[in-house]
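Note that ligands are numbered from 1 as they come in the structure, with each ligand's atoms numbered from 1 the same way. Owing to the predicted nature of the structure, the values given are computational and were not obtained by experimental measurement. Only heavy atoms go into these numbers, but all of them, side chains included; no hydrogens, no water, no symmetry mates.
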Amino acid sequence: MANLTEKIIAQHLTDGELVAGKEIGIRIDQTLTQDSTGTMAYLELEAMEINQVKTKLSVAYIDHNMLQAGPENFDDHLFIQSAAKNYGIWFSKPGNGICHQVHLERFGVPGDTLIGSDSHTPTAGGLGMLAIGAGGVDVAAAMAGRSYYIQMPEVIEVHLTGKLRAGVSAKDIILYVLQQETVKGGVNKVYEYTGDGVGSLSVPERATITNMGAELGATTSIFPSDEITRAFLASMGREDVYQPLCADHDAVYLKTIHVNLDELVPMVACPHSPDNVVAVSQLAGEVIHQVAIGSCTNSSYLDLAKCAMLLKDKKVNENVSLVISPGSRQILKRLADEGLLSIFLEAGARVLECGCGPCIGMGQAPCNNGKSLRTFNRNFYGRSGTKSADVYLVSPETAVASAIAGVITDPSGIEAFAEAKVPDKFAIDDNLLIAPNEEYIGKTALIKGPNIKGVPTAMPPQNVFCAKVLTVLEDNITTDHIMPSNASLLPYRSNIPHLADYCLTPSDAEFPAKAKSNGGGIIVAGENYGQGSSREHAALAPLYLGVKAVIAKSFARIHKQNLVNNGIIPLTFTSEADYDAIHEGDELQFSALLEQIKAGTVIAQNMTTGMDITLNIELGERQERLLLAGGLLTSIKNEK
Ligand code: MIC
Ligand code: SF4
């Protein structure tokens, strides 16, 4: 009576038991990194002093930092390439495509485990993989052959029945689930998709859904591996890795969410949160300035072919800028071979590189007060590069229909999309993939440009200390708030001293200055602190600034682990009402902290108000050991 998640975890279990809430270790078959988290991950791997990766397969992608406005990004690419060569890792050159799309096409294996230094790694759940996003140092540790640790998740069933109607898309399914579950509903949960509706969705459509499961805060999302999976793998020339996988018929779930695809309508996530979802029809007629189609959520061949079908013999509205970024070169080539690229060009679309591009603010920032419709997964405040812009997340169908009309348009009932078909066979394009070569493994010097600085060293927590509350933040603070990413900051992902000057500035412009003048301190926040990206920079920059602890109502999963990995203490309020009892500038005194961490309850004496605040620290045994040792890297170094 096991569900699919339990089956794959049971096959990979190295530590612990399959009891929800308990910390477990799992063997990792595959890893992926991308460039904006990869520079740190490979510096950390270097510090682990191994000769060669111990996984079945590891891939280093370049897809985020593709704008080369100075030498920094290219220098980082060369560093990652040299690390890939030295450690026996596949290297996907810039221009080859977005890590999650390429991984699905060229490497994903049903039933295997994958961790990636990117929060959207669960995309590969569309193929029946157990794929989880993690901080760079966790991915480095997995490459070094160590187990990956998570809290054994609870599993939620999403039961799909019926079939999507014309103009309604896989994206609308996940937007609907987000509306129900919210951005914090999935913390330490896995969403497992079942029901006869699953059979009507191709692998890239399933991957759209598992991709955006990251926005639920989920550990991952997963689809069964079935004949559709076999057909997808066959189209990629990889049928040999297929195996059928599904939950037992009497599998047990925490709860079931029912989605009737026959009744679903096009949905849109409004600014500034992916769970701020309403029906597209409610916004119909709103004037827009930009439409962007792409990102790891919606850049498959099918997504783009659907758009081309509607654009045929039509023009993009004169007041709209339409940009397209295909998910991989293979997709771009197929669009070109089939004449679909010409449709985009003739309609007036701008075709960008195969990469993350506008999704991570690498170009295409909207105009001031602009309304931008995007097929992406995140619309956090300021992420587009324009603070006054409003970003709406939609399906490719809604995006393209709106680009033509110049206003938000409900694509329900448009039959033209159905002319797009998933191909039986792709012409494989591995030109920009470099395979590991035994000849260079363990013998290649790492090339480090001048912008590549070291990894800040975390220290074990002090038993007694007093520190100032530097800032008090609201609920749902994202990692984009903590460590903003845009075209000017992304080139510094390997330069923490530089990045630290921007830490938390979208929420509190004075934060870096306050942290520096106080010699560090404490962050206080509301619920779901650290949601969003896997970037460990959101812990490394605070570490560099001397942040010792974060006290929040609750934490997002990856960020909490990133804090522990970097020796920053993640504390939660025993009574949420105490959030109101701490103010910026208050002095908090901790006494006998080490014993209290072990006991799971920490007392902070508010020296400014005279009040004692009881805090929880919820860590698995291994997490506790790591924290007390001063983080993962320090603990690995100590072992040596
Ligand atoms: C994102 O979508 O926010 C990113 C950029 O892909 C991040 C990784 C990063 O910050 O480098 C993610 O999702 O983990
Ligand atoms: Fe790239 Fe955007 Fe996907 Fe992150 S969410 S991996 S930035 S495309």
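- The environment of K93 atom NZ is sparse: at most 12 non-hydrogen atoms of other residues, nucleotides or ligands sit within 6.0 angstrom.
- Ligand-side atoms of ligand 1 in range of S36: 9 (C), 11 (O), range being under 4.0 angstrom from any heavy atom.
- For ligand 1, the atoms lying closer than 4.0 Å to a non-hydrogen atom of T37 are 9 (C), 11 (O).
- Near S534, meaning under 4.0 Å from any of its heavy atoms, are these atoms of ligand 1: 12 (C), 14 (O).
- With ligand atoms numbered from 1 in the order given, ligand 1 contributes 3 (O), 7 (C), 8 (C), 9 (C), 10 (O), 12 (C), 13 (O), 14 (O) to contacts under 4.0 Å with heavy atoms of S533.
- With hydrogens and angles left out, the side-chain atoms of R378 and S533 include no donor and acceptor closer than 3.5 Å.
- Contacts of R378 with ligand 1, taken as heavy-atom pairs under 4.0 Å, involve the side chain alone.
- A side-chain N or O of D303 and one of N298 form a donor-acceptor pair less than 3.5 Å apart.
- In summary, the side chains of T5 and E192 do present a donor paired with an acceptor at a separation below 3.5 Å, with no hydrogens or angles considered.
- Remark: distances from the non-hydrogen atoms of H537 to ligand 1 are all 4.0 Å or more.
- Within ligand 1, counting atoms from 1 as listed, the ones closer than 4.0 Å to a heavy atom of R383 are 1 (C), 2 (O), 3 (O).
- Residue contact annotation: C359 places an N/O/S atom under 2.8 Å from atom 2 (Fe) of ligand 2.
- Residues D508 and T471 have side chains that bring a donor and an acceptor to within less than 3.5 angstrom of each other.
- Ring geometry for H100 against H120 counts as perpendicular: the plane angle is over 60°, on a 0 to 90° scale with 30° as the lower cut.
- Counting heavy atoms under 4.0 Å from ligand 1, residue M483 does not touch it at all.
- In this structure, a donor-acceptor pair under 3.5 Å is absent between the side chains of D75 and N451.
- At a threshold of 4.0 Å, the pair D429-R329 counts as salt-bridged, since one of the basic side-chain nitrogens sits closer than that to a carboxylate oxygen.
- Counted by atom type alone, T31 and S58 present one or more donor-acceptor pairs between their side chains at under 3.5 Å.
- If you check which protein heavy atom lies closest to atom 1 (Fe) of ligand 2, you get C356 SG, 2.3 Å.
- Considering R493, H537, R535 as possible partners of S36, the one that fulfils the side chain to side chain contact (heavy atoms under 4.5 Å, CB included) test is R493.
- Of all the atoms in ligand 1, the ones that sit under 4.0 Å from a non-hydrogen atom of I360 are 5 (C).
- Among the backbone and side-chain atoms of H120, no N/O/S atom is found under 2.8 Å from atom 1 (Fe) of ligand 2.
- Scanning the protein heavy atoms around atom 8 (S) of ligand 2, the nearest turns out to be C296 N, 3.3 Å.
- Contact annotation: for D118 versus ligand 1, heavy atoms closer than 4.0 Å belong to both the backbone and the side chain.
- Counting heavy atoms under 4.0 Å from ligand 2, residue H64 touches it through the side chain alone.
- Remark: ligand 1 atoms within the under-4.0 Å shell around heavy atoms of H64 are 4 (C), 5 (C), 6 (O).
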